[in-house]
Protein chains: 2
Amino acid sequence: MVEDVTRTVRTPCLCHALRKASRAVSRLYDDELRTVGLRTTQFSLLAYLHRTGEVRQGDLGELMSLEETTVTRNVRPLVSGGWVSVRVGIDRREKWVTITEAGIAKLKEALPAWVRAQRKMKAVLPEQVWQNLLAVLPDVAQAAVQG
Amino acid sequence: MVEDVTRTVRTPCLCHALRKASRAVSRLYDDELRTVGLRTTQFSLLAYLHRTGEVRQGDLGELMSLEETTVTRNVRPLVSGGWVSVRVGIDRREKWVTITEAGIAKLKEALPAWVRAQRKMKAVLPEQVWQNLLAVLPDVAQAAVQG
DNA sequence: ATCTAATCCCTGTATATACATGTTTCATGG
DNA sequence: CCATGAAACATGTATATACAGGGATTAGAT
């Protein structure tokens with residue numbers, strides 16, 4: 001019976017593999033970003049908002065595979081920092097999110113830290129693996145949403 | 001200046017890619033595991049403890065790329081559920097963690113849910129991608145810890 | 001114009017995660 | 001044997017994440 005469980009579970013769990021790698025890599029990026037007082041999630045949000053311009057809060061979640069309710073909360077520290085501003089839409093149910101000038105400055109300030117982290121990871125992974133991951137991971141996220 | 005930031009950030013961020021995929025995949029696994037009242041993290045811990053037998057709490061963290069302080073807290077709901085027990089070591093600073101009989105039963109109960117999730121993901125990913133991820137992700141975690 | 005259902009977001013609650021710091025216990029040099 | 005530092009874990013605090021359920025607003029049918 002015990003052996004039964006063991007045998008089945010021996011197949012590696014994709015979810016666990018992803019989460020474990022996520023934790024380890026996040027710590028490395030956070031180590032660098034800490035020097036400018038940002039976390040990787042916050043950096044990603046700023047970078048994303050900078051690219052897209054003003055976005056509806058719900059769409060932000062969809063595009064980052066984040067629950068709406070999580071977006072609400074993730075945006076909060078950014079608003080507190082003055083890096084992001086939120087306004088009510090014409091449709092007053094909607095919230096529209098924008099990066100502020102201060103946010104753009106912060107993003108610029110954080111860029112070298114992010115580059116260092118990115119370089120570190122690139123340096124310790126075979127080029128093939130690096131390229132492959134960047135190509136494949138978005139599809140994995142997509143597939144899981146469909147799933 | 002704005003273009004400057006945009007250009008640099010256009011390179012995909014490995015950390016963001018991993019976290020995004022993690023979230024999406026975790027939701028899929030959690031959807032299944034919810035039917036038996038477990039989360040993917042809890043399932044992974046149980047599965048791990050089942051494989052290894054009694055472990056020192058600190059080692060558990062190391063092997064799962066979890067901070068010690070996070071292990072302390074992740075173990076809590078499992079102890080509350082009666083699926084895991086903790087005892088003080090001969091060296092009284094140490095905590096030794098074991099899966100209980102109830103924990104093994106729970107793991108067995110959860111197995112079909114996990115298999116469903118696993119199959120779902122396998123079904124929506126090319127075989128090559130699936131194999132490659134399972135092979136590569138542990139190395140990524142390892143590399144990040146070294147990094 | 002009104003009623004109903006859908007949309008969009010928020011709050012409550014719980015887990016997950018990590019860092020800074022604190023506490024207890026052990027090991028080790030003197 | 002004692003002092004000091006290291007080891008192992010816990011707590012305080014903050015963010016990240018998600019589900020269940022709730023409130024406000026709008027769209028659509030009648």
Side-chain angles (χ1 to χ4, degrees), chain A residues 15-16 18-35 37-45 55-62 64-81 86-97 141 144-145, chain B residues 15-16 18-35 37-45 55-62 64-81 86-97 141 144-145:
Chain A
C15 188
H16 175 249
L18 272 171
R19 291 177 69 91
K20 182 176 167 182
S22 251
R23 286 191 296 267
V25 172
S26 292
R27 276 199 296 272
L28 189 147
Y29 279 70
D30 279 340
D31 270 351
E32 296 295 342
L33 287 170
R34 195 181 348 274
T35 64
L38 282 181
R39 302 206 176 175
T40 180
T41 300
Q42 301 174 343
F43 176 83
S44 294
L45 267 172
V55 202
R56 207 163 54 96
Q57 190 177 284
D59 293 339
L60 196 52
E62 189 131 356
M64 302 190 77
S65 289
L66 276 170
E67 283 295 309
E68 295 173 14
T69 63
T70 303
V71 177
T72 298
R73 278 156 164 132
N74 283 4
V75 161
R76 278 220 263 258
L78 296 178
V79 172
S80 299
V86 179
R87 65 172 187 80
V88 175
I90 307 283
D91 179 337
R92 280 179 302 172
R93 292 170 299 184
E94 297 179 345
K95 295 271 187 86
W96 289 79
V97 184
V145 171
Chain B
C15 187
H16 175 248
L18 272 171
R19 291 177 69 93
K20 182 176 169 183
S22 250
R23 286 192 295 268
V25 171
S26 292
R27 276 198 296 272
L28 189 147
Y29 279 69
D30 279 340
D31 270 350
E32 296 295 342
L33 288 169
R34 192 175 0 266
T35 64
L38 283 181
R39 301 207 178 175
T40 180
T41 300
Q42 302 174 342
F43 176 83
S44 294
L45 267 172
V55 205
R56 207 162 55 94
Q57 190 178 282
D59 294 340
L60 196 53
E62 190 132 353
M64 301 190 77
S65 289
L66 275 170
E67 284 296 310
E68 296 173 16
T69 63
T70 304
V71 177
T72 298
R73 279 156 163 131
N74 284 4
V75 161
R76 277 219 264 262
L78 296 178
V79 172
S80 298
V86 180
R87 65 171 187 81
V88 175
I90 307 283
D91 180 338
R92 279 179 303 174
R93 292 171 298 183
E94 298 180 345
K95 295 270 187 87
W96 289 79
V97 185
V145 171

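Note that these values count all heavy atoms, side chains included, but never hydrogens, waters or copies made by symmetry. Order of the sequence lines sets the chain letters (A, B, ...), proteins ahead of strands, with each chain counted from 1.
Close to D:dA10, at under 4.0 Å from its OP1 or OP2, lies a side-chain N or O of B:Thr72.
To the nearest 0.5 Å, atoms CZ (A:Arg87) and CD (A:Glu94) are separated by 9.0 Å. Here the CD-CD distance, from B:Glu62 to B:Glu67, works out to 10.5 Å after rounding to the nearest 0.5 Å. Expressed to the nearest 0.5 Å, how far OG of A:Ser65 lies from NE2 of B:His16 amounts to 8.0 Å. Note: B:Met64 CE to A:Lys20 NZ = 7.5 Å, rounded to the nearest 0.5 Å. Here the CG-OG1 distance, from A:Leu66 to A:Thr41, works out to 8.0 Å after rounding to the nearest 0.5 Å. Rounded to the nearest 0.5 angstrom, B:Leu45 CG and B:Gln42 CD are separated by 8.0 Å.
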For this session: Taking Watson-Crick and G-U wobble pairs with both distances under 3.5 Å, convert DNA chain D into its dot-bracket string, 5' to 3', dots for unpaired and | for cross-strand pairs.
Result: ||||||||||||||||||||||||||||||
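Between the P atom of D:dC19 and the CG atom of B:Leu38 lies a distance of 15 Å, rounded to the nearest Å. In this entry the distance linking CG of A:Leu78 with C1' of D:dT15 reads 11 Å, nearest Å. Protein atom CZ of B:Arg76 is 14 Å distant from nucleotide atom P of D:dC9, rounded to whole Å. The CD-C1' distance, from A:Gln57 to C:dT7, rounds to 14 Å in whole Å. In this structure, the CZ atom of A:Arg56 is 10 Å from the C1' atom of C:dC9, given to the nearest Å. Taking atom OH of B:Tyr29 as the reference point, atom P of D:dC19 lies 16 Å away to the nearest angstrom. The nearest whole Å value for the distance from the CD atom in B:Glu68 to the P atom in C:dT23 is 17 Å.
Proximity of A:Thr40 to A:Val25: side-chain heavy atoms (C-beta onward) are nowhere separated by under 4.5 Å.
Contact record, A:Val145 with B:Ala24: CG2-CB, 4.2 Å, taken as the closest heavy-atom pair. A:Arg76 and A:Thr72 make their closest contact through CG-O, 3.5 Å (heavy atoms, listed as atom of the first residue, atom of the second, distance).
Here A:Ile90 lies in heavy-atom contact (under 4.0 Å) with sugar-phosphate atoms only.
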Please list, for nucleotides 16-18 of chain C, all pairs of protein and nucleotide N/O atoms separated by less than 3.5 Å.
| residue | atom | partner | partner atom | Å |
| --- | --- | --- | --- | --- |
| C:dA16 | O3' | A:Arg19 | NH2 | 3.1 |
| C:dT17 | OP1 | A:Arg19 | NH2 | 3.2 |
| C:dT17 | OP1 | A:Arg23 | NH1 | 2.9 |
| C:dT17 | OP2 | B:Asn74 | ND2 | 2.8 |
| C:dA18 | OP1 | A:Arg27 | NH1 | 2.1 |
| C:dA18 | OP2 | A:Arg27 | NH1 | 3.4 |
| C:dA18 | OP2 | B:Glu67 | N | 3.1 |
| C:dA18 | OP2 | B:Thr70 | OG1 | 3.4 |
| C:dA18 | N6 | B:Arg73 | NH1 | 3.1 |

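Closest to the side chain of B:Arg92, from the set C:dT25, C:dC9, D:dT11, is C:dT25. Closest to the side chain of B:Glu94, out of D:dA8, C:dC9, D:dT26, is D:dA8. Closest to the side chain of B:Arg93, from the set D:dT25, C:dC10, C:dT25, is C:dT25.
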